[in-house]
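Worksheet for the structure shown next.
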Amino acid sequence: MVHDLLSIKRQLAGPGLLMGVGPIMTRISIKFPSVRDDFLHIYKNYPLYDGPQIIDYYLSVHAKNVYRRYLRPQVTINTLMNDDFVPLPESMGLLSVEMGMNWQVAFGCKTHVLFHSGVVEKNGIGLIIPAISGSGKSTLSAGLAYDGWRFFSDEFGMLDAQTGDLFPYPRPVSLKNESIAVMKDWLGNDEPFSREFEGTPKGTICYLRPPASSLEKMHEPVKPRVVIHPVYSPNAKSDIKPLTETMAFFRLVRSSANYGDIGAPAFRALAKIAKECVSFEITYSSLEEAIRLVNKIIDENVE
Amino acid sequence: MHEANATFNLSSTAVFKITNAAGFLWEHMDDAHIIYDTRSGHSQALNDFAREIFDIIEDKPCSLPEILAALELILERPIEDDLKQQILKTVAEFDKMGLIEPVKSHDENV
Amino acid sequence: MSKKNRPEKNLDGDQNLLLQVLRKPQIMGKLDTQGWNQVLFDAHILKLRARLAHDAETLGIWPALPEKVQQILTNAKIDTASRQRKIMWEMNRVGRALYDFKEKVILVKGAAYIARNLRCAGGRDSVDLDILVAKKHLDIVENHLFLAGYGSQTLDDYDQQYYREWAHELPPLVHPSRLVEVDVHHTILQVTNKLSPKIDLMINASQELDGQFHTLCNEDMLLHSIVHQFVDGSLKSSLRNLLEQHDMIEEFGEKPGFWTNFMDRAEALKLGRPVFYCLRYCEYFLNTSIPDDVMVWAKKYSPGRGVLKLMDLMVFRTMIPFGVSDGVKRSKWTDFLSTNGLYIRSHWLRMPPMMLFTHLSRKFFRRLFRRQT
């Protein structure tokens with residue numbers, strides 16, 4: 001592993017820096033100094049390598065030409081995976097990096113069943129939080145992570161279909177709009193946050209580094225025990241609704257990006273979760289409320 | 001683009017069979033039977049009634065009138081029109097999803 | 001091949017580690033980390049990772065591979081298996097749609113290899129389902145597919161007209177709930193191509209697969225692959241295509257009478273030149289076992305020295321893409337010209353020159369337009 005900042009920057013600017021997150025090793029090169037700074041701030045505490053590692057994905061963050069590098073700087077990325085990303089202004093370079101890495105995992109990872117979901121763990125209890133965008137799953141995952149849970153991911157649940165284990169893939173949390181202030185309040189400390197990126201197609205975006213204690217255990221899996229589908233609704237009364245096994249099963253299928261590719265083992269693994277875990281839908285209007293509901297479900301259903 | 005839900009013509013004489021019994025995986029949930037077709041990669045929920053129809057065809061290839069007759073035996077009463085329509089729909093759906101298929105003339109005596 | 005006639009060595013690409021692994025998969029057991037990164041990178045670009053997984057498993061050396069390599073190759077293996085499964089399922093659905101159609105439906109390319117479980121299907125990344133029917137049956141087949149819910153993807157009028165008048169297939173059909181492209185062909189080359197082989201011969205010689213579908217006979221299957229690469233294709237996936245031919249030669253070549261039939265067939269269909277290229281480059285890149293007398297026969301169809309030299313140069317450049325990690329510095333421009341030069345060349349064989357001009361410029365302007373919007 002490398003720790004010396006100068007050599008890290010040199011790697012990142014040149015041939016590429018190796019970064020391991022959970023089961024995935026990426027070689028990243030970034031040609032823009034400002035984007036390198038954003039990157040190194042949000043990925044502080046992540047394991048970085050310069051030594052011999054076998055590489056999963058290559059990500060290059062560069063300018064298309066001299067004009068795009070110096071005169072009207074624009075960040076282009078290449079994931080080597082049929083991407084077609086719109087170049088972004090240099091000031092939003094970190095977004096490109098994150099989109100590129102998400103793309104590579106979403107389309108490249110087939111060894112694990114991927115859920116579009118957050119995952120956290122406490123006392124050996126794995127909690128899956130699958131949801132569509134806007135349901136608040138990132139905020140809820142991050143809120144739990146900074147409230148005593150171990151953070152696995154806010155975006156990619158990774159399940160080993162053979163063993164039934166969930167694996168951490170603790171990338172920075174992607175927060176949008178109102179949830180940024182909510183999380184800054186929650187932590188009472190701005191250091192783990194990135195700059196706020198305003199005017200993106202999804203509004204304002206800000207990244208949050210997961211707790212260092214979660215990063216230290218990024219290779220320790222857990223068994224899933226509880227599945228909670230959050231529904232954020234600003235004016236609604238909070239509610240807990242149990243799901244039938246069949247509903248739980250089909251919702252998991254729908255949230256999985258590669259269920260169809262993996263085939264029979266994924267079918268068995270998801271059916272096992274649907275039958276053996278407890279599954280609920282919660283409706284909530286604030287982060288405190290959501291966390292109270294999660295704890296209530298755990299207390300009442302898991303010994 | 002033609003309609004996505006176009007179905008095949010179901011003639012009353014067509015004999016249906018299940019060709020892929022070995023390729024189906026089943027999971028029994030609290031309120032449904034889930035069938036996974038390893039060829040298509042699709043999973044579908046069958047309620048008890050649909051499962052019954054599936055079992056009849058699985059026992060032995062049969063035509064629509066034969067399916068209806070078998071169900072009348074099980075239910076111990078004649079099948080009224082509403083239910084009949086539902087059965088036809090279920091069989092058509094099985095065909096559309098590829099769970100069953102019409103027997104070809106040259107292997108009709110399977 | 002006598003030494004004098006071999007392509008000159010060391011036109012970079014020859015020393016490429018991936019090529020060495022493809023020739024002799026056993027060496028996968030001995031690669032170090034750096035070697036693996038080179039091989040995996042190139043194999044990713046050339047879509048050959050699943051092929052490596054397949055080779056390692058077939059040889060029984062899979063357990064000896066580093067765990068991380070197994071993980072990376074497993075991604076590719078699952079991905080490819082899933083695509084193959086999708087194609088086989090699409091074939092099942094097309095079979096259902098054509099339930100009433102009693103004439104020959106011939107699977108070609110990937111679907112045929114997978115359905116017949118040929119060696120070249122192992123780890124092969126296929127995406128479309130290609131079928132071939134007699135031209136007089138095109139309308140009825142298309143109709144059956146429409147009735148079963150297939151539709152043609154939105155193409156503008158020019159594209160539609162191009163397909164119908166000049167191409168060797170219908171505009172691609174897709175079922176909206178499965179999204180696998182089904183290409184219905186009535187011949188195997190553009191109708192404008194002067195080499196257009198006599199498709200009736202191929203249809204008549206096809207062999208039955210399962211009561212519903214046929215495939216081309218072995219000789220025609222290999223010829224089709226050759227035509228696809230050396231006459232028709234863009235050569236962007238050259239190495240994969242060449243491997244496919246290599247596998248077929250190794251598998252079919254063992255069958256009695258194959259080579260005699262193959263040579264007759266190539267002559268009857270006037271495909272001597274592309275066959276010569278295939279054998280030359282298979283032997284050179286992949287050490288394919290080709291009988292000496294076949295090689296001697298093929299040389300009759302070689303172009304003159306100058307053209308051959310040029311072809312060698314271009315083919316070498318297209319086999320291994322630029323930007324690979326083997327440390328050889330190559331000019332991106334010559335690589336670009338080779339790939340696209342061959343693209344234009346194979347188009348040239350396909351369309352009358354004036355049409356070629358309008359087609360390419362339309363493509364060019366459309367791309368420009370897309371970029372701006």
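Each chain gets a letter, A, B and so on, in the order the sequences are listed, and its residues count up from 1.
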Ring-ring centroid check F267(A) F249(A), cutoff 6.0 Å: yes
Contact residues of residues 113-128 of chain C (partner chain A; heavy-atom separation under 4.5 angstrom): none
Contacting region of R83(C) [heavy-atom separation from chain A under 4.5 Å]: neither
Under 4.5 Å from any heavy atom of chain A - which part of Q34(C): neither
Top contributor to chain A contacts, counting heavy-atom pairs under 4.5 Å, from L40(C), T74(C), D79(C): D79(C)
Full working for ring pair (Phe, Tyr, Trp, His ring centres under 6.0 Å) between Y57(A) and F107(A): CA-CA 11 Å; Y57(A) 304 116; F107(A) 290 94; over 10 Å; no
Distance-only donor-acceptor check, side chains D261(A) and S82(C), under 3.5 Å: yes
Residue K31(A) excluded, over 12 heavy atoms near NZ under 6.0 Å: yes
Salt-bridge present (D56(A), K68(C); N to O < 4.0 Å): yes
Residue pair R27(A) / N37(C), side-chain donor-acceptor N/O under 3.5 Å: no
Ionic contact status for K77(C) with E57(C), cut-off 4.0 Å: yes
Exceeds 12 heavy-atom contacts within 6.0 angstrom, atom CG of N82(A): no
E90(C) side chain vs V182(C) backbone, donor-acceptor pair below 3.5 Å: no
NZ or CZ of R93(C) within 45° of W89(C) ring axis and under 6.0 Å: yes
I78(C) versus chain A, the contacting section by heavy-atom distance below 4.5 Å: both
Residues of residues 60-81 of chain A with any heavy atom under 4.5 Å of a heavy atom in chain C: L80(A), M81(A)
salt_bridge(D160(A), K223(A)) N-O dist < 4.0 Å: no
